[in-house]
2 protein chains.
Amino acid sequence: MDDRDVRLLKAIAELETGSPERLHEATGIPISTIHYRLNNLREGGVIENDRYDVDLEELGLGVTVIVEVHADYQGSYERFADRLRSVEGVTNVYFTMGETDFIVIARLSGSDMVERLIAEFEELEGVDRTDSTFVISAVEERDALQSYSLETLLEELVDE
Amino acid sequence: MDDRDVRLLKAIAELETGSPERLHEATGIPISTIHYRLNNLREGGVIENDRYDVDLEELGLGVTVIVEVHADYQGSYERFADRLRSVEGVTNVYFTMGETDFIVIARLSGSDMVERLIAEFEELEGVDRTDSTFVISAVEERDALQSYSLETLLEELVDE
DNA sequence: CTTGAAAAGGCATTCGC
DNA sequence: GCGAATGCCTTTTCAAG
């Protein structure tokens, strides 16, 4: 994993495409080199299929933290949720009914990054209190549809 | 959204590919028809880009629930987490340090499905208690890398 | 709406440098 | 690591059912 690999993966994430041509435009890396790099990343288990799902463990973002954020903010919850999401490492923000205002899930590279994350939350205007839980093991499906059988999907989603 | 659309989306999720040829093999739908359908789904906002990320709101799985599962199970936590994950609708399972044993996130089509989900959890052997929270608004990044700036990624991930 | 065939375009692989 | 050339697969289009 060197500088170029990281740039490539970041470009894939940002452009939301695996198209070598567009990745070339974005990164300046020649197309044949992009193929070469992607093949190596695939063999190394970092990316997984046509759609380039990234294996976060392999990548080095293997630490998951769930943070409850209690807040007393001004303005809409959408705006506040956006501020939470813009903290580096945050992947999911849930605005919930009930005691806790927001539940945030973050992916980090190590314990030191967790401290940094919490510190950033605490500094946000409107954040009263945070309560974090380390995750020992995470199973995340990339696609909610995989969780359902075809039968249930047909029942629930076909409209007429 | 008809029967065929659902079958297509399910095949994409299962095979983890957008390859028309493989989707054709799996579904029996002719290749040119697959193109036609996918273009419509794209225009309708159901799928979003090259990688066919599904918009769950548009699809009809707009309800998100977070469930804390307190359990006293036999065997490894991995096996128990697998049983939780195999409940229809469950997308994420986190085995955590602390009071709560598991935090589960599920995507559902409506409130009636929530009851069904909770009932299924309660029936699982080893589940002591569940505590569910409705999500009013969810922001989920499809890729953890998007959360980071290129600078931080280079600092954290480049090894040498 | 569906489909098969044909044409155009983009992608993967290989090779010489 | 790079650029050019090759063959392959995908996408688009179109006319017909």
Side-chain angles (χ1 to χ4, degrees), chain A residues 1-55 58-60 142-143 145-146 150-151 153-160, chain B residues 1-55 58-60 142-143 145 150 153-154 157-160:
Chain A
M1 179 71 47
D2 65 1
D3 189 284
R4 257 186 160 176
D5 284 331
V6 173
R7 285 177 199 280
L8 243 186
L9 292 169
K10 174 68 172 168
I12 290 171
E14 259 179 3
L15 301 177
E16 296 181 7
T17 183
S19 159
E21 194 182 345
R22 307 213 21 224
L23 295 173
H24 161 67
E25 288 167 17
T27 61
I29 304 172
I31 290 180
S32 58
T33 304
I34 287 178
H35 280 288
Y36 175 73
R37 292 277 182 165
L38 290 181
N39 284 335
N40 285 344
L41 288 169
R42 221 171 291 151
E43 281 177 15
V46 178
I47 60 180
E48 279 173 9
N49 55 30
D50 307 359
R51 297 157 80 211
Y52 301 129
D53 291 318
V54 175
D55 184 324
E58 286 284 337
L59 223 208
R142 92 203 79 236
D143 194 329
L145 288 190
Q146 289 190 327
L150 180 57
E151 292 69 41
L153 287 176
L154 290 172
E155 271 171 43
E156 294 293 323
L157 303 182
V158 173
D159 49 26
E160 113 204 61
Chain B
M1 179 73 45
D2 65 1
D3 189 285
R4 254 183 163 176
D5 285 331
V6 174
R7 285 176 199 280
L8 245 186
L9 293 169
K10 173 68 173 167
I12 290 170
E14 258 178 4
L15 301 177
E16 296 180 6
T17 183
S19 159
E21 195 182 345
R22 305 213 24 225
L23 295 173
H24 161 67
E25 289 166 16
T27 61
I29 303 172
I31 291 179
S32 59
T33 304
I34 287 178
H35 280 289
Y36 176 73
R37 291 276 183 166
L38 290 181
N39 284 334
N40 285 345
L41 288 169
R42 221 170 291 151
E43 281 177 14
V46 177
I47 60 180
E48 280 174 9
N49 54 29
D50 306 359
R51 297 158 81 209
Y52 299 128
D53 290 318
V54 175
D55 183 322
E58 287 284 337
L59 224 207
R142 88 202 82 236
D143 195 330
L145 288 191
L150 181 57
L153 288 176
L154 290 172
L157 303 181
V158 173
D159 47 26
E160 102 203 73

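Computed from heavy atoms alone, side chains included, the values below leave out hydrogens, waters and symmetry copies. Throughout, a chain's letter reflects where its sequence line sits, starting with A, and its residues are numbered from 1.
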Between [N] ([atom2]) and [X] ([atom1]): distance, integer Å:
{"X": "Tyr52(B)", "N": "dT10(D)", "atom1": "OH", "atom2": "C1'", "value": "10 Å"}
{"X": "Tyr36(B)", "N": "dC1(C)", "atom1": "OH", "atom2": "P", "value": "3 Å"}
{"X": "Ile34(A)", "N": "dA12(C)", "atom1": "CD1", "atom2": "C1'", "value": "13 Å"}
{"X": "Asp2(B)", "N": "dC1(C)", "atom1": "CG", "atom2": "P", "value": "9 Å"}
{"X": "Leu38(A)", "N": "dT13(C)", "atom1": "CG", "atom2": "P", "value": "11 Å"}

[X]: which residues meet the side chain to side chain donor-acceptor pair (under 3.5 Å) condition with it, sequence neighbours left out?
{"X": "Arg7(A)", "answer": "Asp3(A)"}
{"X": "Ser32(A)", "answer": "none"}
{"X": "Asp143(B)", "answer": "none"}
{"X": "Asn40(B)", "answer": "none"}

Check: protein-nucleotides 12-17 of chain D nitrogen or oxygen pairs below 3.5 Å:
none

Distance in Å, [X] [atom1] paired with [Y] [atom2], rounded so as to fall on 0.5 Å steps:
{"X": "Thr33(A)", "Y": "His24(A)", "atom1": "OG1", "atom2": "NE2", "result": "10.0 Å"}
{"X": "Tyr52(B)", "Y": "Leu41(B)", "atom1": "OH", "atom2": "CG", "result": "9.5 Å"}
{"X": "Met1(A)", "Y": "Leu8(A)", "atom1": "CE", "atom2": "CG", "result": "10.0 Å"}

Requested in this report: Give me the residues of residues 3-18 of chain A where at least one heavy atom lies under 4.0 Å from an atom of DNA chain D, by number, or none.
Outcome: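 Contacting residues: Arg4(A).
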
- Under the side-chain contact (heavy atoms from CB on, under 4.5 Å) test, residues paired with Asp55(A) that sit two or more places apart: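 Asp55(A) satisfies side-chain contact (heavy atoms from CB on, under 4.5 Å) with Glu48(A), Glu57(A), Glu58(A) once adjacent residues are dropped.
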
Residues touching DNA chain C, which here means a heavy atom under 4.0 Å, drawn from residues 19-27 of chain A: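 Per residue number, the list reads Ser19(A), Pro20(A), Glu21(A).
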
Worksheet item: Given dT2(C), is OP1 or OP2 found less than 4.0 Å from the side-chain N or O atoms of Arg37(B)?
Response: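 Checking Arg37(B) against dT2(C): at least one side-chain N or O falls below 4.0 Å of OP1 or OP2.
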
message = Checking Asp50(B) now: which residues fulfil salt bridge (Lys or Arg N to Asp or Glu O under 4.0 Å) with it, not counting sequence neighbours?
response =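 Not a single residue meets the salt bridge (Lys or Arg N to Asp or Glu O under 4.0 Å) criterion with Asp50(B).
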
*Which pairs pass salt bridge (Lys or Arg N to Asp or Glu O under 4.0 Å) with one or both residues in residues 28-37 of chain B, sequence neighbours excluded?*
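Residue pairs with at least one partner in residues 28-37 of chain B: Asp2(B)-Arg37(B), Asp5(B)-Arg37(B).
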
**OP:** Scan for salt bridge (Lys or Arg N to Asp or Glu O under 4.0 Å) pairs involving residues 13-30 of chain A, sequence neighbours excluded, and state none if there are none.
**Re:**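 Salt bridge (Lys or Arg N to Asp or Glu O under 4.0 Å) check on residues 13-30 of chain A returns Lys10(A)-Glu14(A), Glu16(A)-Arg142(B).
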
